[in-house]
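Just below is one structure, and these are the notes that go with it.
We count residues from 1, following the sequence as given.
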Amino acid sequence: MPRTSQGKFVTEAASVFQEGDDLWKAGKYDEAAAKYEKSAGLYHQKDDVEGEAFALTRLGELELSLDNFSRAAEVLKVAADLVKHKDFAQNTYGDILIKLAKVYADEGELAKALQTTQKAQEVLEANNSHDLLGDAYEQEAYVLMVQNKEAEALEAYKKASELFRTDGIGLKEAASLRAIARIYMKQKKYEEAHEVLERCRMLYRENGDLLGEASALSAIGCLRYIIRDIENARKALMKSVYLYGKLAHHFAEAEALLYLARVEAFDRAQGDFERAKRHYKRAVDLFDFLGNETMKRVVLDEYHTFLNRIANL
């Protein structure tokens with residue numbers, strides 16, 4: 001990491017590194033890349049191999065974000081070689097391997113991605129780094145999902161979530177749990193999925209992540225609707241709509257309103273057709289406000305189908 005003391009950079013290399021980050025955020029990618037290269041050179045002059053590796057790693061991340069896979073892999077390999085045999089930098093080495101695995105995965109070289117991820121796990125487990133080891137298992141799970149190895153991916157996600165739980169990293173644990181819940185839902189293990197999503201929702205709430213909580217509630221609502229638990233589906237989706245509205249996340253609010261409309265449109269006994277109409281109309285208004293004609297048309301078509309259905313009851 002760039003060296004700072006009382007908020008000030010203590011080396012020119014660290015200052016140049018931060019300039020690279022600022023330029024990246026501003027969308028000035030070529031200039032950012034030049035700064036990272038300069039920072040790496042300055043670290044090299046000071047024989048700071050970990051600093052040099054860190055600067056090159058950020059450059060590799062930048063190149064990956066631009067889909068420059070060959071360049072990203074080239075830079076990350078150089079960074080990895082710098083710290084591979086440095087006992088004091090094994091966490092950095094493991095982190096670089098995770099990022100290199102991401103490059104291979106995005107490039108479609110899944111076997112190489114899996115091999116690199118498993119190497120990262122060996123390095124990080126030996127160094128007892130729970131946080132980064134959790135990242136490595138998440139990366140492995142992603143590759144396994146792409147390979148349609150769902151059962152193996154589920155186990156990898158479980159390992160990741162447990163490592164994040166052990167280290168008290170709530171938001172990362174919640175993200176892993178969301179992935180686990182998606183697999184459970186795909187397997188139609190709805191009660192297991194619900195239990196996981198409730199844990200996920202609690203973690204988002206504890207960490208003050210209202211967007212994450214809203215997303216978890218929306219997933220819970222959809223799940224309860226699938227198993228025809230209309231009352232609890234309604235409760236979860238109403239909370240989700242409220243939170244999305246509070247955050248002014250209009251697209252997600254519109255989607256949640258669409259799901260809520262479906263709940264209320266289920267039947268006369270358990271639903272409320274007048275509420276369903278209001279939710280459909282509000283979803284249409286939001287998609288119209290966002291200029292999303294595709295989703296606006298989808299909701300309108302579904303709304304008219306609903307009106308035709310209830311007219312014949």
Side-chain angles (χ1 to χ4, degrees), residues 1-4 9-127 129 131-143 146 160 172:
M1 295 288 290
R3 275 70 166 170
T4 59
F9 295 103
V10 298
T11 66
E12 183 185 1
S15 179
V16 172
F17 182 95
Q18 184 59 51
E19 289 174 16
D21 277 356
D22 294 340
L23 287 164
W24 186 353
K25 291 176 184 176
K28 299 178 180 180
Y29 305 123
D30 290 341
E31 294 174 54
K35 290 293 183 181
Y36 292 138
E37 289 177 345
K38 181 179 179 181
S39 176
L42 290 168
Y43 279 122
H44 180 77
Q45 290 175 16
K46 297 294 184 180
D47 292 325
D48 185 343
V49 293
E50 190 169 23
E52 182 180 358
F54 196 82
L56 290 172
T57 299
R58 186 74 100 234
L59 175 59
E61 291 179 281
L62 171 60
E63 297 293 353
L64 175 59
S65 74
L66 299 172
D67 291 339
N68 297 330
F69 301 123
S70 296
R71 175 59 176 158
E74 175 189 353
V75 172
L76 288 170
K77 286 176 184 177
V78 172
D81 285 342
L82 283 169
V83 293
K84 183 176 182 178
H85 300 296
K86 304 296 182 182
D87 291 341
F88 61 84
Q90 288 304 286
N91 277 354
T92 299
Y93 178 46
D95 186 42
I96 294 169
L97 289 173
I98 294 170
K99 291 176 171 60
L100 185 56
K102 289 179 181 178
V103 174
Y104 292 142
D106 288 353
E107 202 172 13
E109 296 188 51
L110 300 182
K112 191 179 290 187
L114 199 57
Q115 181 181 25
T116 305
T117 301
Q118 290 167 348
K119 176 61 179 176
Q121 290 168 8
E122 292 176 15
V123 171
L124 295 166
E125 191 164 7
N127 217 41
S129 176
D131 182 6
L132 286 172
L133 184 56
D135 289 341
Y137 275 112
E138 275 211 328
Q139 180 59 32
E140 179 187 16
Y142 169 78
V143 175
V146 174
K172 283 190 175 184

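At distances below 3.5 Å, not a single donor-acceptor pair connects side-chain atoms of Asn68 with backbone N or O atoms of Arg71. Looking only at distances, no side-chain donor or acceptor of Glu140 sits under 3.5 Å from a matching main-chain atom of Asp135.
Atom CD of Gln90 has more than 12 heavy atoms from other residues, nucleotides or ligands within 6.0 Å.
Residues Asp106 and Leu64 meet the side-chain proximity criterion, which asks for heavy atoms closer than 4.5 Å. Side-chain atoms of Tyr29 and Leu66, non-hydrogen and from C-beta on, do get closer than 4.5 Å to each other. Side-chain contact between Lys35 and Trp24 is absent, with no heavy atoms from C-beta onward closer than 4.5 Å. Side-chain contact between Gln121 and Leu97: absent, with no pair of heavy atoms (C-beta onward) separated by less than 4.5 Å. Contact check for Arg58 versus Leu62: no side-chain heavy atoms found under the 4.5 Å cut-off. Using a 4.5 Å heavy-atom cutoff, the side chains of Glu50 and Lys86 are not in contact. Between Lys119 and Tyr93 there is a side-chain heavy-atom pair separated by less than 4.5 Å. In this structure the side chain of Leu76 never reaches within 4.5 angstrom of the side chain of Leu56, judged on heavy atoms.
A donor and an acceptor atom, one from each side chain of Tyr36 and Asp21, are located under 3.5 Å apart. No hydrogens or angles considered: a donor-acceptor pair under 3.5 Å links the side chains of Gln18 and Asp22.
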Practice task
With side-chain contact (heavy atoms from CB on, under 4.5 Å) as the test, would you mind laying out the steps for Leu42 and Thr11 before giving the verdict?
Solution key: CA-CA 9 Å; Leu42 290 168; Thr11 66; over 6 Å; no
Handout entry: Step-by-step side-chain contact (heavy atoms from CB on, under 4.5 Å) determination, Ile96 to Val83
Key = CA-CA 9 Å; Ile96 294 169; Val83 293; 4.0 Å; yes
Exercise for the section: Apply side-chain contact (heavy atoms from CB on, under 4.5 Å) to Ile98 and Leu124, showing your working. Expected result: CA-CA 10 Å; Ile98 294 170; Leu124 295 166; 3.9 Å; yes
Exercise for the section: Determine, step by step, whether Ser39 and Phe54 satisfy the side-chain contact (heavy atoms from CB on, under 4.5 Å) criterion, reporting the C-alpha distance in whole Å, the side-chain angles of both residues, the deciding distance to 0.1 Å, and the verdict. Expected result: CA-CA 10 Å; Ser39 176; Phe54 196 82; over 6 Å; no
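For the pair Lys112 and Tyr104, the distance from NZ or CZ to the six-membered ring centre is under 6.0 Å and the angle to the ring normal is within 45 degrees.
Note that NZ of Lys102 is 16.0 Å distant from CD of Glu107, once rounded to the nearest 0.5 Å.
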